[in-house]
Amino acid sequence: MCGIVGYIGEKNSVPILINGLKRLEYRGYDSAGLGILTNSHSVVIKNKGKVSLLEERVEKSNLSGKVGIGHTRWATHGVPNETNAHPHYNSSKNLFVIHNGIIENFRTLKKGLEKLGYEFQTETDSEVLPHLIDSFLKKGYPLFKAVRLALTEVEGTYGIAVIYENEPDKIVAARKGSPLVIGLGDNENFVASDVSAILAHTKQVIYLEDGELVEVYKDKFIVKTISDAEIEKEVHEISMTLDEIDKGGFSHFMLKEIMEQPETINNSMRGRILYDKGTAILGGLTDVLGRLVNSKRIIITACGTSWHAGLVGEYMFEQFCRIPTEVEYASEFRYRNPIINQDDAILFISQSGETADTLAALREAKLKGALVLGICNVVGSSIARETMAGVYTHAGPEIGVASTKAFTSQLVVLSLITLLVARRKNMSQAEGISIAEELMALPDKINKILKLNDQIEQIASEFKDANNFLYLGRGYNFPVALEGALKLKEISYIHAEGYPAAEMKHGPIALIDENMPVVFIAPKDSTYDKIISNIEEVKARGGRIIAIATDNDNGIDELVDYTIKVPSTIKMLMPILTVIPLQLLAYQIAVKKGLNVDQPRNLAKSVTVE
Ligand code: F6R
């Protein structure tokens with residue numbers, strides 16, 4: 001989704017901003033722009049399309065300046081075009097604003113400003129900001145105060161960065177519901193919506209909280225609340241490295257991230273398994289463990305792939321912890337006035353830690369007094385900071401828009417929580433040890449599955465022109481069916497549905513004919529015989545079948561058209577293995593269709609608007 005980067009210092013800001021915008025491309029965007037304060041005047045260059053196009057234009061213009069802001073836009077109000085791209089500016093074209101988020105009362109604000117004579121050029125909600133700030137500048141306020149007063153009139157969400165020709169020694173930035181970090185350098189400072197944009201220059205950052213504004217100079221910064229109270233901020237050191245956010249020789253981030261999974265799974269487990277005791281240690285949960293173990297109900301809340309991880313978590317928590325568990329879409333949970341009790345534990349799962357619906361659901365749950373926990377990947381993200389306790393997945397930066405390694409790491413963390421809580425309840429040490437053993441064996445098993453990439457590529461060639469796919473699984477592998485279907489539709493634009501296999505005969509079976517590929521997730525477990533019956537039903541109707549089976553299954557090959565064999569593990573961990581061939585299948589199909597795998601159309605990595 002939209003990205004922000006800003007620079008103030010002694011260097012030419014232009015290449016720094018262009019490189020920062022390139023680092024933000026993975027978030028998904030449709031247009032890009034720069035606003036630069038030069039020695040003589042200010043310049044805005046923006047265009048629909050890629051940052052590379054912006055770079056070409058900037059190079060031709062020889063633009064240079066020591067203060068600047070850059071933006072990648074993901075359209076919410078107004079089509080993606082040059083006019084609607086950011087920065088937006090006031091009529092004198094000396095004040096420039098970039099904005100992430102949505103100004104909900106922009107129509108009211110716009111009407112008021114039009115009455116004052118302000119003319120609007122764009123269809124965006126964001127354009128009210130430069131005019132509104134301008135109206136306070138005209139009353140004689142300095143920039144920082146003008147921005148603060150303007151924001152008191154704004155409803156909605158924002159991360160903004162503002163520069164002003166008449167006060168060229170500062171960038172003013174503010175945050176409400178859309179992340180912003182300030183990067184601290186040596187006689188230079190940065191503003192960004194995501195640390196990856198500034199990681200090449202600094203590892204020292206401060207995180208802005210909702211309702212905070214910052215005045216950033218090249219050698220200092222001042223943070224205030226929107227009600228004008230000055231606040232001290234803690235400086236954080238980022239542990240992420242630049243290598244982690246590069247492609248590392250792979251043709252796509254998505255492939256790199258799929259291939260990294262043996263290592264990322266290890267990182268999610270490292271130091272957290274107490275093998276001899278058959279349990280786990282999760283430092284982030286220590287203070288709340290008693291409350292979690294005694295909770296009467298767990299509600300897992302998330303969106304998209306993280307929601308699928310939550311569904312697997314539900315099976316784990318109910319089977320081993322014997323705590324009733326529900327899984328909710330965050331977008332539904334936040335608005336339907338859910339019944340939340342003091343003895344509920346509500347677990348929010350989010351790779352980015354910035355998903356707007358998940359964050360809003362979290363705030364609602366907190367207000368109602370529940371124990372609010374998080375599983376996040378991005379360290380220091382809003383959800384990580386606002387939950388009472390939680391566990392990081394440590395999967396490293398996930399750049400490909402389609403989530404892969406974050407999902408398997410979420411499943412590992414859910415398994416560790418299960419182990420920790422269940423051992424406090426009824427699980428025996430022996431059972432705990434056997435789960436720990438299986439967890440520790442996962443990286444080697446994933447390595448074996450990744451070697452099937454060539455076989456999966458051949459299957460992808462067979463099916464790349466299909467218009468529809470059905471994914472079927474049972475028990476722990478039903479969420480995997482949903483996740484496999486989501487991966488395929490996200491990056492290959494092929495319509496795909498995931499179902500519990502037994503539901504097929506209640507409707508989807510009507511779709512089955514020789515043009516309908518059906519992917520069965522069919523490991524040898526207690527549901528195996530049932531799923532074989534479902535396979536027979538599809539076969540009888542001429543459907544083409546791809547089965548994800550376990551490598552101890554010799555009988556399945558003659559029933560289906562293609563088999564992808566994965567190693568076996570215990571039922572609760574099987575999704576961590578069965579999902580990997582589905583990630584590869586979606587990837588290979590999208591590549592064969594010549595699509596932009598890492599930045600699929602219309603999608604954003606971090607969905608920071610509703
Ligand atoms: C799918 C995908 C999305 C995200 C969803 C939630 O590949 O990436 O469905 O899973 O937008 O995002 P997070 O986990 O960041 O809250």
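Everything numeric here is computed off the predicted structure, so don't read it as measured data. Counting starts at 1 for both ligands and their atoms, in listed order.
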Just heavy atoms, cut-off under 4.0 Å: does E354 contact ligand 1 by side chain, backbone, both, or neither?
-> neither
Please indicate whether any nitrogen or oxygen in [X] is less than 3.5 Å from any nitrogen or oxygen in ligand 1.
X    : value
S306 : yes
T358 : no
V401 : yes

Only heavy atoms count here, so choose which of A402, C303, P600 is nearest to atom 5 (C) of ligand 1.
-> C303
Who's the nearest protein heavy-atom neighbour of [atom], and how far?
atom                    : result
atom 15 (O) of ligand 1 : S352 OG, 2.7 Å
atom 11 (O) of ligand 1 : V607 CG2, 4.0 Å
atom 10 (O) of ligand 1 : T305 N, 3.0 Å
atom 2 (C) of ligand 1  : E490 OE2, 3.5 Å
atom 16 (O) of ligand 1 : T355 OG1, 2.4 Å

What do the steps show when you test Q410 against T393 for side-chain contact (heavy atoms from CB on, under 4.5 Å), and what is the final call?
-> CA-CA 6 Å; Q410 287 164 348; T393 45; 4.1 Å; yes
Test ring pair (Phe, Tyr, Trp, His ring centres under 6.0 Å) applied to Y587 - qualifying residues, sequence neighbours left out |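 Applying ring pair (Phe, Tyr, Trp, His ring centres under 6.0 Å) to Y587 gives H252.
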Under 4.0 Å from a heavy atom of [X]: which atoms of ligand 1 are those, numbered in the order shown and with their elements?
X    : value
K487 : 1 (C), 7 (O)
S350 : 13 (P), 14 (O), 15 (O), 16 (O)
G304 : 9 (O), 10 (O)

Taking the inter-plane angle between the rings of F190 and H201 on a 0 to 90° scale, is it parallel (under 30°), tilted (30 to 60°) or perpendicular (over 60°)?
-> parallel
Hey, what's the ring geometry for Y562 with F463, parallel, tilted or perpendicular (30° and 60° as the breaks)?
-> perpendicular
Between the side chains of [X] and [Y], is a donor N or O closer than 3.5 angstrom to an acceptor N or O?
X    : Y    : value
E237 : Q204 : yes
N337 : K368 : yes
S403 : E398 : yes

Would you call R175 and E209 a salt bridge, using N to O less than 4.0 angstrom?
-> no
Go through the steps for E318 and I323 under the test side-chain contact (heavy atoms from CB on, under 4.5 Å), then give the verdict.
-> CA-CA 5 Å; E318 294 210 335; I323 301 176; over 6 Å; no
Looking at ligand 1, does H308 have a heavy atom less than 4.0 Å from it?
->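 Not so, H308 does not reach ligand 1.
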